[in-house]
Trainee: 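Structure provided below as structure tokens; questions to follow.
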Amino acid sequence: MASASTKKWWKNAIIYQIYPRSFCDSNGDGIGDIPGIISKLHYLKELGVDVIWLSPVYLSPNFDNGYDISDYMQINPEFGTMGDMERLISRAKRLGIKIIMDLVINHTSDEHEWFKKALEGDKKYREYYYFREGKGHRPPNNWTSFFGGKAWTKTDKGDYYLHLFSKKQPDLNWHNPDVYKEVTDIMRFWLDKGVSGFRCDVINIIYKETLENGKRHFALTGKEHYLNTEGCHELIQRFNSEIWSKYKTFIVGESVFVTPPEAKLLSDESRKELDAVFFFEHMDVDSRGVKWFKKKYRPCKLIKILDKWQDALEFPANYLENHDQVRSVNHFGNTGKYWEKSAKLLCGLNLSLRGIPFIYEGEEIGMTNGDFRGLRDIKDIESYNINQSMKKMLFMHSVRRKLILRTTRDNARTPVQWDSSEGAGFTTGTPWIKINANKSYINVESESQDEGSILNFYKQMIEFRKGSQALVEGTYRRVASPNDVYIFTRESTEERLYIYCNLTAFNRSVEFYGDKIIFDNYDANERENFYLKPYEFRIVASNI
Ligand code: TEU
Ligand code: CA
């Protein structure tokens with residue numbers, strides 16, 4: 001057990017992700033911005049948020065909404081100025097809220113100065129990226145991109161450059177010490193400004209071992225050459241020892257396609273790499289290999305996956321939604337009759353697991369997927385590229401429409417619903433992406449006034465978690481999972497809690513353990529003694 005002085009500050013933190021474009025627009029141009037975030041800091045404080053993870057606000061041509069950075073040391077003017085950013089950091093600090101920034105270092109934008117110079121033929125900057133000659137009429141290797149299509153694009157000069165995402169996102173060459181120097185300078189620049197750490201975008205794919213052909217894979221060919229490579233671990237260890245450990249940072253890595261043993265290597269405390277990692281297995285519980293093709297969601301599968309990861313990792317980054325995923329009530333809950341109960345249940349689940357809980361903007365009011373009418377309403381580059389690939393494969397329009405609307409990342413990117421007005425309190429202008437019609441009843445203003453709202457449930461659950469040694473640092477043990485009810489304990493030296501999650505829309509009888517119900521998403525007069533109601537979430541304390 002770590003003593004109070006050596007204990008890491010973030011071990012009991014609640015982290016809230018802001019996708020700035022969709023959070024709050026202060027000047028009516030339809031795009032969320034930093035002054036908008038500042039205006040909501042008190043709201044976040046009251047919710048119980050300790051740390052904000054800010055999705056990218058750097059200069060960017062926005063082909064991937066900021067995940068394509070053209071200058072890491074400037075703020076995108078759509079979002080405000082460097083002065084606004086400094087104000088955000090200092091105002092947040094005054095309220096006791098820390099900020100971690102998104103660090104996207106697998107690739108830059110093709111509009112970054114480095115890449116532009118490289119294209120002009122500058123020798124130094126060509127080594128910042130992967131430029132290679134093609135093989136006859138074909139690209140240098142057979143790798144495919146995360147966003148569909150080939151991972152190589154031909155330049156005007158006839159050679160190719162590598163991009164694991166869109167062609168507007170050329171991959172950096174991490175074999176080059178100059179890249180290391182540039183990026184670590186960027187890290188220091190922001191840490192010196194007072195940010196408290198980073199969320200490292202696709203960190204486990206940055207180091208390409210070789211550029212050889214990959215084994216053919218229906219979704220992603222080439223990955224065995226860059227996933228979790230030894231070189232990647234070495235890089236992260238250097239970041240840690242040379243920079244992060246000098247500041248008291250919290251570093252969470254987005255690690256794609258990881259298995260529990262790989263995630264352990266990236267985040268085990270003793271290895272001094274990352275503090276925590278995001279894994280994806282639970283997001284893919286209902287996908288058939290690729291996320292665009294779905295199968296029926298089965299809660300028992302979700303339970304199995306969560307349990308496996310709870311056992312595997314000391315301190316996982318827990319989340320049920322983010323800016324790349326559909327909304328969690330659509331994914332794992334219910335958007336009809338049990339919308340409210342299921343949103344509360346998911347809150348309870350996310351905040352009861354061992355690890356560090358992440359809440360994505362709008363999740364705390366039970367926001368739902370976008371109510372897009374057609375592909376016309378979709379803005380995301382991933383959806384755009386996948387649509388193009390599906391066209392090439394001769395998918396009919398109606399099929400493409402169905403598959404993409406169901407899974408597009410834009411589902412989580414509709415503006416936060418602050419009130420029921422036309423612009424949802426998000427903007428006074430025309431929003432960059434369609435606002436959901438259910439802002440009429442799913443919004444912060446009305447939920448603030450309603451004691452039994454999802455928003456108030458979040459506040460109570462966050463407060464409860466903060467006061468519970470068992471939830472913050474206790475052990476985890478699965479007790480049982482009969483008929484899609486997830487039952488586990490969290491236990492510290494002082495208390496043992498039994499957590500019950502009925503992940504179904506039906507009554508479920510279960511064996512009850514423990515002594516006293518101390519938390520529930522149903523009122524005492526609605527509860528039953530012998531079974532759990534639909535989507536009931538219950539915490540029972542036991543005298544030990
Ligand atoms: O995401 C990485 C990633 O793998 C996802 O884009 C994935 O392809 C899909 O959306 C989830 O099923 C990160 C960022 O979170 C994402 O927003 C960026 O587009 C991407 O990296 C490139 O920077
Ligand atoms: Ca704005």
Side-chain angles (χ1 to χ4, degrees), residues 17 19-39 53-58 60 62-69 75-81 84 102-109 144-148 151 163-172 199-206 219-220 223 226-227 252-258 278-287 289-294 319 321-326 331 358 360 379-386 404 407-413 415 423 426-432:
Q17 183 192 351
Y19 193 68
R21 222 177 171 67
S22 305
F23 188 66
C24 179
D25 170 23
S26 71
N27 61 353
D29 66 355
I31 297 171
D33 47 48
I34 296 171
I37 300 173
I38 295 175
S39 74
W53 151 23
L54 192 58
S55 277
V57 291
Y58 315 96
S60 163
N62 280 321
F63 281 85
D64 191 13
N65 290 351
Y67 284 89
D68 48 329
I69 300 170
I75 297 294
N76 184 340
E78 283 181 333
F79 293 149
T81 62
D84 290 327
D102 221 305
L103 193 70
V104 187
I105 57 176
N106 176 65
H107 46 267
T108 69
S109 162
T144 54
S145 140
F146 279 65
F147 288 168
H163 55 85
L164 290 183
F165 292 87
S166 82
K167 63 176 184 197
K168 299 284 296 173
Q169 294 162 299
D171 280 44
L172 283 167
R199 174 267 187 189
C200 301
D201 193 62
V202 290
I203 193 68
N204 64 326
I205 66 171
I206 65 173
L220 207 56
K223 62 181 176 182
Y226 56 76
L227 268 181
V252 56
E254 184 201 28
S255 47
V256 289
F257 299 108
V258 281
F278 292 116
F279 56 91
F280 285 84
E281 197 178 346
H282 58 320
M283 292 290 121
D284 295 326
V285 60
D286 56 350
S287 68
V290 278
K291 68 176 185 176
W292 308 101
F293 299 102
K294 291 277 185 271
Y319 71 101
E321 63 186 63
N322 65 33
H323 66 294
D324 291 334
Q325 304 292 337
V326 296
H331 209 164
F358 284 75
Y360 177 65
K379 312 283 180 197
D380 182 22
I381 189 170
E382 180 190 52
S383 301
Y384 176 85
N385 286 358
I386 291 295
I404 292 173
T407 306
T408 177
R409 306 191 295 182
D410 281 349
N411 280 308
R413 299 178 180 184
F426 163 72
T427 185
T428 53
T430 309
W432 71 276

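What's counted below: heavy atoms across the whole structure, side chains too, no hydrogens, waters or symmetry copies. One-based numbering along the sequence shown. Note that ligands are numbered from 1 as they come in the structure, with each ligand's atoms numbered from 1 the same way.
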Trainee: Do Lys294 and Asp284 meet the salt-bridge criterion of a basic N to acidic O distance under 4.0 Å?
Mentor: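 No, Asp284 and Lys294 are not salt-bridged.
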Trainee: Can you give me the OD1-the Ca ion (ligand 2)-OD1 angle for Asn27 and Asp25, to 10°?
Mentor: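 Once rounded, the angle between the two atoms at the Ca ion (ligand 2) is 70°.
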Trainee: Do Glu78 and Asn62 have side-chain N/O donor and acceptor atoms under 3.5 Å apart?
Mentor: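 Distance-only check passes for Glu78 and Asn62.
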Trainee: Which heavy atom of the protein is the closest neighbour of atom 13 (C) of ligand 1, given with residue, atom name and distance?
Mentor: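 Residue, atom and distance for the closest contact: Asp201 OD1, 2.9 Å.
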Trainee: Looking only at N, O or S atoms, which one in Asp33 sits nearest to the Ca ion (ligand 2)?
Mentor: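 Nearest to the Ca ion (ligand 2) within Asp33's N, O and S set: OD2.
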Trainee: Please list, in number order, the atoms of ligand 1 under 4.0 Å from a heavy atom of Arg409.
Mentor: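 Near Arg409, meaning under 4.0 Å from one of its heavy atoms, ligand 1 has 6 (O), 10 (O), 16 (C), 17 (O), 18 (C), 19 (O).
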Trainee: Tell me whether Asp380 is salt-bridged to Arg409, with the criterion being a basic N under 4.0 Å from an acidic carboxylate O.
Mentor: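 Between Arg409 and Asp380 there is a salt bridge, with a charged N closer than 4.0 Å to a carboxylate O.
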Trainee: Which of the atoms in ligand 1, numbered in the order shown and given with their element, are less than 4.0 Å from a heavy-atom of Phe146?
Mentor: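 Counting atoms of ligand 1 from 1, those under 4.0 Å from Phe146 are 4 (O).
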Trainee: Checking ring pair (Phe, Tyr, Trp, His ring centres under 6.0 Å) against Tyr319, which of Phe358, Trp53, Phe278 comes through?
Mentor: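 Passing option: Phe278.
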Trainee: With the Ca ion (ligand 2) at the centre, find the angle made by OD1 from Asp29 and O from Ile31, to 10°.
Mentor: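 Vertex at the Ca ion (ligand 2): approximately 90°.
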Trainee: Within a strict 4.5 Å, meaning less than it, do heavy atoms of the Ser166 and Asp64 side chains meet?
Mentor: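 No; the side chains remain at least 4.5 Å from each other.
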Trainee: Can Thr408 and Asn411 be counted as having a side-chain donor-acceptor contact under 3.5 angstrom?
Mentor: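 No, no side-chain donor-acceptor contact under 3.5 Å.
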Trainee: Could you please spell out the steps behind the side-chain hydrogen bond (donor to acceptor under 3.5 Å, both in side chains) verdict for Ser60 and Asn76?
Mentor: CA-CA 6 Å; Ser60 163; Asn76 184 340; 5.2 Å; no
Trainee: Do me a favour and list the nearest non-hydrogen protein atom to atom 18 (C) of ligand 1 with residue, atom name and distance?
Mentor: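 Here the closest protein heavy atom is Asp64 OD2, 3.3 Å.
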Trainee: May I ask you to check whether Thr427 brings an N, O or S atom to under 3.0 Å from the Ca ion (ligand 2)?
Mentor: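 Short answer: no, not a single N, O or S atom is under the cut-off.
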Trainee: Does a side chain donor of either Asp171 or Tyr226 reach within less than 3.5 Å of an acceptor in the other side chain?
Mentor: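 No.
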Trainee: Number the atoms of ligand 1 from 1 as they appear, then name those within less than 4.0 Å of a heavy atom of Asp324, with their elements.
Mentor: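 Answer for ligand 1: 1 (O), 5 (C), 10 (O), 13 (C), 14 (C), 15 (O), 16 (C), 17 (O).
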Trainee: When the aromatic ring centroids of Tyr67 and His107 are compared, is their separation below 6.0 Å?
Mentor: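 Centroid distance Tyr67-His107: not below 6.0 Å, so no.
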Trainee: Pairing donors with acceptors under 3.5 angstrom, does anything connect the side chains of Glu321 and His331?
Mentor: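 Looking only at side-chain atoms, His331 and Glu321 do not form any donor-acceptor pair under 3.5 Å.
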Trainee: Could you tell me whether the side chains of Asp25 and Thr427 share a donor-acceptor contact shorter than 3.5 Å?
Mentor: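 There is such a pair between these side chains.
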Trainee: Only heavy atoms of His107, strictly under 4.0 Å: list the atoms of ligand 1 that pass.
Mentor: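 Numbered from 1, ligand 1 contributes 22 (C), 23 (O).
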Trainee: Classify the contact between Phe147 and ligand 1 as side chain, backbone, both or neither, using a heavy-atom distance cut-off of under 4.0 Å.
Mentor: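 The side chain, only.
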Trainee: Considering only heavy atoms of Lys291, which atoms of ligand 1 have at least one such atom less than 4.0 Å away?
Mentor: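 Answer, ordered by atom number: 9 (C), 10 (O), 11 (C), 12 (O).
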Trainee: Give the numbers and elements of all ligand 1 atoms closer than 4.0 Å to a heavy atom of His323.
Mentor: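 In order of number, 14 (C), 15 (O), 16 (C), 17 (O).
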Trainee: Answer side chain, backbone, both or neither: which part of Gln325 comes under 4.0 Å from ligand 1, heavy atoms only.
Mentor: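 It is the side chain that gets close, since no backbone atom is under 4.0 Å.
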Trainee: Quick one: which ligand 1 atoms are inside 4.0 Å of a heavy atom on Val256?
Mentor: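 Close to Val256: 4 (O).
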Trainee: Heavy-atom contacts with Val202 under 4.0 Å: which atoms of ligand 1 show up? List them by number with element.
Mentor: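 Counting from 1, the qualifying ligand atoms are 2 (C), 21 (O).
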Trainee: Measure the distance from atom 7 (C) of ligand 1 to every protein heavy atom, then report the residue, atom name and distance (to 0.1 Å) of the closest one.
Mentor: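 Ranking protein heavy atoms by distance from atom 7 (C) of ligand 1, first comes Glu382 OE2, 4.1 Å.
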Trainee: At what distance is the nearest protein heavy atom to atom 1 (O) of ligand 1, and which residue and atom is it?
Mentor: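 Result: Glu254 OE2, 3.1 Å.
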